[in-house]
Amino acid sequence: MERLLTGLQPSGSLTIGNFSGGIRQVIDYQKNYETFLFVPDMHATTVPQDPYALHRNIKSAVGLYIACGVDVNLENMHLYIQSENLYHANLSWILECMTPFGELTRMHQFKEKTKNKEGFSAALATYPVLMASDILLYDAKYVPTGIDQKQHVELARNLAERFNERYKGDYFLMPEPVIPQIGAKIRDLKDPSKKMSKSAENTKGTIFLLDSEKDIRKKIMGATTDSDGIIKFDEENKPGLSNLLTIYSVFSGLSVDEIVEKFKGCGYGELKKSLADLLCEKLTAIQARYKEIMESDIIDKALDRGREYTEKIAREKYELIRKTVGYGRI
Ligand code: TYM
């Protein structure tokens, strides 16, 4: 079975954007690939985190993966926490030594996250290398993510190629980003020029998977649209409305064309109300399963099994790479 790998940072509570770009794809592909789904907790500390909140968000993330439909009973599903496996950071160091600093500071996310900021951590620049290490350690062929992570997966490809060429061998498999056709970038409901983010300062534009019905309705009804009143998918001229149609498609399984047809001649209010109903129905079902999962031992069992399995693979790969670069004794 080919391998598929992805992770979602526990830097806050997960959003419908994370569902769309990350979790949903894992659920769609989980039966066909050996799946490595992990919590990149070390990525979260690129910015300061409250330790207690971080612990809580890690467990909550895993609870949500499972509540959304990740099947921990599948033999080929491996759930684990990045920091419980020391090889991720070790491989990252070796790869960092092969990455020109300029390649990191030119990345979109680095520029965005550091814009008008001072005193940010060096890890904000180097974290894509840790991400490359997360991927390359396991010879993952497919990396499902939203569009925002595509450049980072491309860095992993560059590093794999660079390493294989320098040391003349097939040490790393070339990973491929898997970006969904629809919902690769869910936008902020209040400011559709931005992507919806779990760490946005204004949470009115973000729907969290654990939001209450009241909040979901309020946020959808208050979403920014435009004034021409025509329901049409046009990301350039009608980014707010197109975003609502995209979210509708992600959660209903209908195509955007089908949704436009369904709401032909209706006002935006009607579309918003129907979308709010849909999200409330889907998210309350997820939340009910989440509550049960959080009170059970499913999470710990899955993580223990995942840690044991994935650590062995990571250790073997790391040992090979460590010797290849000349570390330690012959
Ligand atoms: P993170 O935690 O920012 O996002 C997790 C996943 O959700 C996707 N995503 C979105 N998709 C659509 N619309 C949005 N508004 C939206 N916001 C987020 C992201 O693209 C991602 O798929 N560096 C990664 C985590 C990571 C990782 C990895 C991913 C660490 N190591 C190895 C894949 C492979 C990150 O910060 O994602």
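We count ligands from 1, going down the list as the structure has it; atoms in each ligand are counted the same way. Side-chain atoms are counted along with the backbone in the values below, which use heavy atoms only and exclude waters and symmetry mates.
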Completion exercise
atom 10 (C) of ligand 1 has as its nearest protein heavy atom Gly17 O, 3.2 Å
Handout entry: Identity and distance of the protein heavy atom lying nearest atom 36 (O) of ligand 1
Key = Gln9 NE2, 2.8 Å
Exercise for the section: Please confirm whether the backbone N or O of Phe38 pairs with a side-chain atom of Gln82, one donor and one acceptor, at under 3.5 Å? Expected result: no
Exercise for the section: Tell me, yes or no, whether the heavy-atom count around Glu308 atom CD, taken from other residues, nucleotides or ligands under 6.0 Å, exceeds 12. Expected result: no
Problem - Atoms of ligand 1, numbered as shown, that sit under 4.0 Å from any heavy atom of Gly183 - result: 12 (C)
Completion exercise
ligand 1 to Val143, heavy atom cutoff 4.0 Å, flagged ligand atoms 33 (C), 34 (C)
Practice task
May I ask you to list the atoms of ligand 1 that are less than 4.0 angstrom from any heavy atom of Gly21?
Solution key: 11 (N), 12 (C)
Practice task
Before signing off on this row, confirm whether Pro40 and ligand 1 have an N or O atom pair separated by under 3.5 Å.
Solution key: no
Handout entry: Ion pair Lys194/Asp191, N-O distance below 4.0 Å
Key = yes
Exercise for the section: Give the numbers and elements of all ligand 1 atoms closer than 4.0 Å to a heavy atom of Ala184. Expected result: 11 (N), 12 (C), 13 (N)
Exercise for the section: Output the list of atoms in ligand 1 that are nearer than 4.0 Å to some heavy atom of Thr145, sorted by atom number. Expected result: 20 (O), 22 (O), 33 (C)
Handout entry: Phe263/Tyr248 aromatic ring centres below 6.0 Å
Key = yes
Problem - Phe38: numbered ligand 1 atoms lying under 4.0 Å from its heavy atoms - result: 28 (C), 31 (N), 32 (C)
Exercise for the section: Determine, using ring centers only, whether Phe110 and Tyr127 are less than 6.0 Å apart. Expected result: no
Problem - Set of ring-ring contact (aromatic ring centres under 6.0 Å, His included) partners for Tyr268, sequence neighbours left out - result: none
Exercise for the section: Ignoring hydrogens and angles, tell me if any N or O in the side chain of Asp297 forms a donor-acceptor pair with the backbone of Asp300 under 3.5 Å. Expected result: no
Fill in the blank from the handout: closest protein heavy atom to atom 29 (C) of ligand 1 is Gly7 O, 3.4 Å
Practice task
Indicate, with yes or no, if the rings of Tyr142 and Tyr33 have centres closer together than 6.0 Å.
Solution key: yes
Practice task
Taking the side chain as every heavy atom from C-beta outward, state whether Lys204 and Lys218 have any pair of such atoms under 4.5 Å apart.
Solution key: no
Practice task
Step by step, work out the side chain to side chain donor-acceptor pair (under 3.5 Å) result for Asn18 and Thr15.
Solution key: CA-CA 5 Å; Asn18 298 134; Thr15 69; 3.3 Å; yes
Exercise for the section: Apply the side chain to side chain contact (heavy atoms under 4.5 Å, CB included) test between Leu283 and each candidate in Ile207, Leu278, Asp211; give the one that qualifies. Expected result: Ile207
Fill in the blank from the handout: closest protein heavy atom to atom 33 (C) of ligand 1 is Thr6 OG1, 3.4 Å
Exercise for the section: Mark the output for Arg187 as yes if a heavy-atom distance to ligand 1 is under 4.0 Å, and as no if none is. Expected result: no
Practice task
Determine, considering heavy atoms only, which of Thr246, Asp148, Asn18 sits nearest to atom 19 (C) of ligand 1.
Solution key: Asp148
Practice task
Could you find the nearest protein heavy atom to atom 1 (P) of ligand 1 and give me its residue, atom name and distance?
Solution key: Lys198 NZ, 3.6 Å
Handout entry: NZ/NE/NH1/NH2 to OD/OE distance under 4.0 Å, Lys291 and Glu295
Key = yes
Exercise for the section: Report the part of Thr15 (side chain from C-beta onward, or backbone N, CA, C, O) that has a heavy atom under 4.0 Å from ligand 1; answer both or neither where that applies. Expected result: neither
Practice task
Under the ring pair (Phe, Tyr, Trp, His ring centres under 6.0 Å) rule, what do Tyr80 and Tyr309 come out as? Steps first, then yes or no, please.
Solution key: CA-CA 9 Å; Tyr80 55 104; Tyr309 183 84; 9.3 Å; no
Exercise for the section: Could you say whether the N/O atoms of Met131 and ligand 1 ever approach to under 3.5 Å? Expected result: no
Completion exercise
Residues Pro175 and Arg157: closest non-hydrogen pair is O-NH1, 2.8 Å
Practice task
With heavy atoms of Leu5 as the reference, note each atom of ligand 1 found under 4.0 Å away.
Solution key: 32 (C), 34 (C)
Practice task
Could you tell me whether ligand 1 has any atom less than 4.0 Å away from a heavy atom of Pro128?
Solution key: no
Handout entry: Nearest protein heavy atom with distance in Å, relative to atom 31 (N) of ligand 1
Key = Asp134 OD2, 2.7 Å
Exercise for the section: Using distance alone, decide if ligand 1 has a nitrogen or oxygen within less than 3.5 Å of any nitrogen or oxygen in Ile186. Expected result: yes
Practice task
Take every heavy atom of Phe19, measure it against each atom of ligand 1, and state whether any distance is under 4.0 Å.
Solution key: no
Handout entry: Sub-4.0 Å heavy-atom approach of Gln149 to ligand 1
Key = yes
Handout entry: For ligand 1, the portion of Val153 having any non-hydrogen atom under 4.0 Å away
Key = neither
